[in-house]
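Okay, structure first, notes after.
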4 protein chains.
Amino acid sequence: MSVRHGRDFLAIPGPTTVPDEVLRAMHRPAIDIYSGDLIKLTESCLSDLKHIFRTDGRIYIYAANGHGAWEAALCNVLSRGDKVLVCQSGLFAVGWGEMAQVLGVEVEILPGDWRRAVDPAAVEARLKADTAGEIKAVLVVQIDTASSVVNDIAAIRKAIDAAEHDALYLVDTIASLATMHFDMDGWRIDVAVAGSQKGLMTPPGLSFIAASDKALAAHARADLVTRYWDWTFRDGEEHYMKYCGTPPEHLMFALRRALDLLLAEGLGKVIERHRLLAGAVHAAVDCWRQGGAVDFNIEKPQERSAAVTTVLCPGFAPSALLDFCRETCGVTLGVGIGGLGDKAFRIAHMGHVNAPMVLGTLGSIEVALVALAIPHGQGGVQAAADSLGRALAVKPA
Amino acid sequence: MSVRHGRDFLAIPGPTTVPDEVLRAMHRPAIDIYSGDLIKLTESCLSDLKHIFRTDGRIYIYAANGHGAWEAALCNVLSRGDKVLVCQSGLFAVGWGEMAQVLGVEVEILPGDWRRAVDPAAVEARLKADTAGEIKAVLVVQIDTASSVVNDIAAIRKAIDAAEHDALYLVDTIASLATMHFDMDGWRIDVAVAGSQKGLMTPPGLSFIAASDKALAAHARADLVTRYWDWTFRDGEEHYMKYCGTPPEHLMFALRRALDLLLAEGLGKVIERHRLLAGAVHAAVDCWRQGGAVDFNIEKPQERSAAVTTVLCPGFAPSALLDFCRETCGVTLGVGIGGLGDKAFRIAHMGHVNAPMVLGTLGSIEVALVALAIPHGQGGVQAAADSLGRALAVKPA
Amino acid sequence: MSVRHGRDFLAIPGPTTVPDEVLRAMHRPAIDIYSGDLIKLTESCLSDLKHIFRTDGRIYIYAANGHGAWEAALCNVLSRGDKVLVCQSGLFAVGWGEMAQVLGVEVEILPGDWRRAVDPAAVEARLKADTAGEIKAVLVVQIDTASSVVNDIAAIRKAIDAAEHDALYLVDTIASLATMHFDMDGWRIDVAVAGSQKGLMTPPGLSFIAASDKALAAHARADLVTRYWDWTFRDGEEHYMKYCGTPPEHLMFALRRALDLLLAEGLGKVIERHRLLAGAVHAAVDCWRQGGAVDFNIEKPQERSAAVTTVLCPGFAPSALLDFCRETCGVTLGVGIGGLGDKAFRIAHMGHVNAPMVLGTLGSIEVALVALAIPHGQGGVQAAADSLGRALAVKPA
Amino acid sequence: MSVRHGRDFLAIPGPTTVPDEVLRAMHRPAIDIYSGDLIKLTESCLSDLKHIFRTDGRIYIYAANGHGAWEAALCNVLSRGDKVLVCQSGLFAVGWGEMAQVLGVEVEILPGDWRRAVDPAAVEARLKADTAGEIKAVLVVQIDTASSVVNDIAAIRKAIDAAEHDALYLVDTIASLATMHFDMDGWRIDVAVAGSQKGLMTPPGLSFIAASDKALAAHARADLVTRYWDWTFRDGEEHYMKYCGTPPEHLMFALRRALDLLLAEGLGKVIERHRLLAGAVHAAVDCWRQGGAVDFNIEKPQERSAAVTTVLCPGFAPSALLDFCRETCGVTLGVGIGGLGDKAFRIAHMGHVNAPMVLGTLGSIEVALVALAIPHGQGGVQAAADSLGRALAVKPA
């Protein structure tokens, strides 16, 4: 028997749920690429993305996914033989580093732990040791969707400063932008990378880079750049140059609408919404873990992200739970990746997500835990609802 | 603060949530009305609706809402001065009766209770007393969305039989079709009325009538019929006659897709899904009522419908809760109607609805109860999840 | 071989081409019917429809097609036994009259000609002869989509006045509203009927009535009214009363967007656009008719409508041409109806229609005439283009 | 006055008109990227693209526009310092060559003429002169959308063979795939590049490469490849590798539907449709040019492409005509590019295009020529219709 035949719930860490209005924005005929509305649309998106990244720097929009923007970030500011320091805390910084290696960059990994955030002190120590200034860039991910850790980007900035090191600071915000606080200029990030399909609530296929003045200066010296990714070419006068070719119109229509939604809600409120909903998820998992069969991947509460929660399954194989949630309840959860394939599942709670979506997802997991007789602390969804209820308590007038 | 910015949840008892695929089916250009695909579409819908009503009788599709089909049902089988017996159990049978009165039909109301189902024994008694056979038709609603009662249509059939009365049996299935068992032919219903916007998951604007042979015989004698509603005209050869004018194409595109979804799931499974989800809702309300501030409108568990649950609020004004759910959580619940305006709210759980939708809705109500400090038995959403978990328990292999 | 695989062209006289933006407006979740946006939407549509009808009278919106509004118009102002005068000039006034007859109204047909407009002098003469004032209403169609005639509604008003007759003046504007000038109040129309699916560019399933004070006064006395159509009930306070039941939300979303488009263009410009495009169609047919195989159905140029052109085919069976246009070119033309089934075809040019749509349709007909070797005056599409070019000639600065 | 308020006509050479069904296919929620339907969708698209390219080679799908695929093609098979021969015949081969130059490839341009196709004899001569085998690849565009030339890809293949030269043969089919015959394996093309937004009728943002065995062998030696474009990485087992990151789901949904449409029509019929419609366009321009104000850019009829026609405007500034067509008629034509900015306009006739779309576009241009009093041979749209009529003449039974 199945009780799934309603709206499918997608709780994977990207692509996230696309708002109906954003889908609707894509459902329109193509338009001219040389004049008219599209040019204004490009300009308005560039301007609004500055606001989202909190920067006065430059924004580049790529017809590419997040991996494309990773490559763009690297090849625009680095040269063959440069060395970069990759701060490990899950899967993705290391993946970004591999990309650098293919480009001919020397990659050093600052070893980390899948269950903990990057240690700023370790960054500081390593950079202090680099007296020759060999390290040209530090690469870090704000939220790693594999481990679900959140790294303290401001603290790492301070660590770089404390080491008095001149390395460029490159941050992957693919899973964090518009899900938590990010302050490009305040934290003096040099290159921030983002994708359309997570906090930005847009179908995948677009990615974004924000570049600081220091990054632009590095760009002027860098020798790895190719035409498709090249910032200089994209700074050209003609509209098609901003996309190095045909603009991906329909995705831009979608992005425009998604930005409208974010700005209408207000970025601060978007972030607070994510914080509250993550709190509900964490309350549920905290309850379930009492039964021993599940646990947080990230050990310290303050290092758990507002966007996704990786749940370890020491007591059972997660595939049965994932299958039950999907087939019986209509909820698609994220699989474990990067070595956690048969050891964890992931609950995404980012982007276009609200209280009933989170409670419905958690409730369905609870249904699965009961139906599959997986040992668990009872009352997870209740704890989540109570957590939200208290956080949203209306003061008596 | 609001945590509503995700997919809006609509939990009102009609229109219900329209599946994305049904909306998509409407999003296409108009087509010819005199030939081609539309004619096949009409035929296939008529055929599939027979299956849904469980009848070999005739089906009529109206470009009209449910009230239109009410009028069509009455004027096709009744004549001026006929008398009908209206079985009260909430708002809607009485409303249907008012419509009959406007048509010049004499209406007698079999008094009922807003908190209880129609009593088949009372029907039997009244019909037995009608020795002259003055009552030409009995009107009853299977599920009344105002009171949320479910009436026992089979038992009322037996009551009519026991009274050896020849009255036509007219049943409003607007809120019940495809949410619970209905057996037009098995129960010898003469006229069944339905609308597109509840269990059939289609936008409002279409309504349906299924007519038995006995109804068609009555139709031949009836003098109230007008052209727009006329079954005989609609039985004509030309395609436009089936709609008495231009077919409402886009709603038909939607209906076709909705029927596809229902048939793919299987009508039996659709009904079982509703039963399980209603069980979850009832478990939650049963828990909350321990606190005294809320209660079921319908007193007896077996008379609570699988489609909607009316929740009385003896301890507070429901508007604050409705506002909180809508503005803070993104969940729109039904208001009380028909005298319950400031005394109740309604949770719809029919149509395109699944476990996470129901649990998300109940969870949001629980958030509201906590946030607004409304006295309630704690653990409602948990009880709902547990109820589903037990019902869906997977047997060990 | 086929060259049809592009956007299908629909050139039937209803439903007409639905603008992409109108389809998109329907593609959204259902919303609450008791509060919020839907109530404002109803109000704004009622207000804008007054502008379209050019009236300060009342507007009623029906979940029904145009035939439903026909019935509503009749039963709200007439009583059993009343007599009406139906002005024949094609198919539809007579059809409306049949509906009146079913309602118990005495119908007299003022005989007309399928190839000519209603003669106002004949109306005047007939009304003058009605010294007893037996005729309670005059029924006329502004544009008959079967014959493609346009009747002179203002002249018929003058005829009624000249006869000093008190009959209600009922006008079917289903195919004319927003395709040509209509002035409800200026011409003292008592009841105007319209549908969503022609000039109003909305999918079928909605219809409209505009009622004058005189009509409302007649309504107070009329005894034919039933609840579904009843103006008085629909004047009630509650929102659902305006629709006598569940509002057909998605069609209303569509209507709202269509009205936005009409008002953005400007009603005067909408009408002028139709006039120019009809001129192009007439120029083409005028050219083709030189070959003898085709001809206008409407003899006098000034009686040819701006919305649709019925083309007689004395020289061949139109089905081959219709099939070729549809299968080979992707253009669906209207079939002949009402006795013209195998004698004519119809080119609709109303609603969401522009120069390339009309020229593409005419061009495809010309392709068919050539490919099928049907004798015709060559140069039809050229004449159409030239006609538009001259009409739109840009004056040198 | 404007007669534009109908469906906008887009006649620019990319993005082309997206079929309603393709837009509709994108209008659906995101789905899981690790399992289920998306994996099958990827496989089916790869398989069907082989059919479209007519190859048994490998297909790669990029989340990128056509310029991205250009870069991918180059960097997968070339090494720093390699030399390529770029065959000029308009704008795009040269642009591709610039991209190679940025990558560190030595580029030699085989000079061509904007009004003529590449001369295979010149290719043969140049390659024969390359006795040292320095030229590693020949780059050519099948259809150049700037000049509207079509190059003879089979003849150039023969030229390479005649020169007994081993260079890789790289062909840009962005504007030609699915608009004319292309035979990857039959013509022994090594790398073919395509984009989604022209003949493939899909929104921009996807691009494609087909690679021969010889190209794959070159790939094994090439040193320019980066991770995002890397064929080897994309040949990996996991699904995300095929896209080097998150699959651009919604564009893939669109592509799938577009391929369905192409295959349902049949590739041979798609090509024949383009040939016939291009013939109609050429007939119209041939007529207009008699007036002296306009002319074909491509001198020889056989070198004019089936996808787009560049029209020189020796007698007037094209902007007035473009503005008139867009603002007054609703037809957006292509501007001249690459030095023809104020000297030409372009009529696209590729992708989802049929007889009424082409005739409507040509008719609107004719309206503009008349309205703006531009000297032209009269009867262009008529010549187009006649051309199609004769080509589609139905033989008497």
Side-chain angles (χ1 to χ4, degrees), chain B residues 7-8 10 12 14-18 20 23-24 26-36 62-68 70-72 75 98-99 101-103 195 197 203-207 224-230 233 240 243-251 254 326 332 334-335 337, chain C residues 7-8 10 12 14-18 20 23-24 26-36 62-68 70-72 75 98-103 195 197 203-207 224-230 233 243-251 254 326 332 334-335 337:
Chain B
R7 298 187 102 178
D8 285 327
L10 188 70
I12 63 170
T16 60
T17 298
V18 183
D20 289 324
L23 289 175
R24 194 158 62 232
M26 286 202 299
H27 198 145
R28 54 175 283 195
I31 60 175
D32 194 13
I33 59 176
Y34 287 105
S35 65
Y62 290 96
N65 61 27
H67 280 59
W70 269 0
E71 185 155 309
C75 77
E98 281 172 26
M99 201 164 231
Q101 207 151 19
V102 175
L103 287 167
Q197 78 277 10
L206 289 179
S207 51
L224 283 174
V225 75
T226 63
R227 170 60 58 87
Y228 191 64
W229 309 119
D230 186 7
F233 186 82
Y240 87 93
Y243 300 93
C244 190
T246 304
E249 294 190 353
H250 289 77
L251 295 178
R326 190 180 58 247
T332 299
V335 294
I337 59 170
Chain C
R7 297 187 103 179
D8 284 327
L10 187 69
I12 63 170
T16 60
T17 299
V18 183
D20 289 324
L23 289 174
R24 195 157 62 231
M26 285 203 299
H27 198 145
R28 54 175 282 195
I31 60 174
D32 194 14
I33 59 176
Y34 286 105
S35 66
Y62 290 97
N65 62 25
H67 280 58
W70 269 0
E71 185 155 308
C75 77
E98 281 172 26
M99 200 164 233
Q101 207 150 18
V102 175
L103 287 167
Q197 79 276 10
L206 289 179
S207 52
L224 283 174
V225 75
T226 64
R227 169 60 58 86
Y228 192 65
W229 310 118
D230 186 7
F233 185 82
Y243 299 95
C244 191
T246 304
E249 295 190 352
H250 290 78
L251 294 178
R326 191 179 58 247
T332 300
V335 294
I337 59 171

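Chain naming here is simple, since letters A, B, ... match the order of the sequence lines and numbering starts at 1 in each.
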Contacts of B:R7 meeting salt bridge (charged side-chain N to carboxylate O under 4.0 Å, His left out) (sequence neighbours excluded), chain-then-number -> A:D20, B:D20
Test salt bridge (charged side-chain N to carboxylate O under 4.0 Å, His left out) applied to C:D8 - qualifying residues, sequence neighbours left out: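 Partners of C:D8 under the salt bridge (charged side-chain N to carboxylate O under 4.0 Å, His left out) test: C:R4.
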Go through it in stages, so that I can follow the logic: the residues are C:F233 and B:V102, the test is side chain to side chain contact (heavy atoms under 4.5 Å, CB included), and I'd like the CA-CA distance, side-chain angles, deciding distance and then a yes or no.
CA-CA 11 Å; C:F233 185 82; B:V102 175; over 6 Å; no
When the 4.5 angstrom heavy-atom criterion is applied to B:L206 and chain C, the contacting part is neither
- Item | Contact origin within B:I33 toward chain C - heavy atom pairs under 4.5 Å |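 Answer is both: backbone and side chain atoms of B:I33 are under 4.5 Å from chain C.
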Structural part of [X] lying under 4.5 Å from a heavy atom of chain B:
X      : value
C:T17  : neither
C:S207 : neither
C:E249 : both

Most heavy-atom pairs under 4.5 Å with chain C, out of B:D32, B:T332, B:L103, belong to B:D32
Partner chain C: residue of B:M99, B:Q197, B:E71, B:R24 with the largest heavy-atom pair count (under 4.5 Å):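 Result: the option with the highest number of such pairs is B:E71.
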Rounded to the nearest 0.5 Å, the CE atom of B:M26 sits from the CE atom of C:M26 at a distance of 5.0 Å
In this structure, CG of B:L251 is separated from NE2 of C:H250 (nearest 0.5 Å) by 9.5 Å
Look at the rings of B:W229 and C:W229 and say which category their plane angle falls in: under 30° parallel, 30 to 60° tilted, over 60° perpendicular.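 Judged by the thresholds at 30° and 60°, the geometry between B:W229 and C:W229 is parallel.
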Minimal non-hydrogen separation, [X] against [Y], with atom names:
X      : Y      : answer
B:I31  : C:I12  : O-CD1, 4.0 Å
B:L23  : C:H27  : CB-CD2, 3.6 Å
C:A30  : B:L10  : O-CD2, 3.5 Å
B:T246 : C:N65  : O-ND2, 3.1 Å
C:P248 : B:G205 : CB-CA, 4.1 Å
C:H67  : B:Y240 : NE2-CE1, 4.4 Å

Check: Taking 4.0 angstrom as the limit, do B:E98 and C:R227 come out as a salt bridge?
Finding: yes
Checked C:Y62, C:Y243, C:Y34 vs chain B; the most non-hydrogen pairs under 4.5 Å come from C:Y34
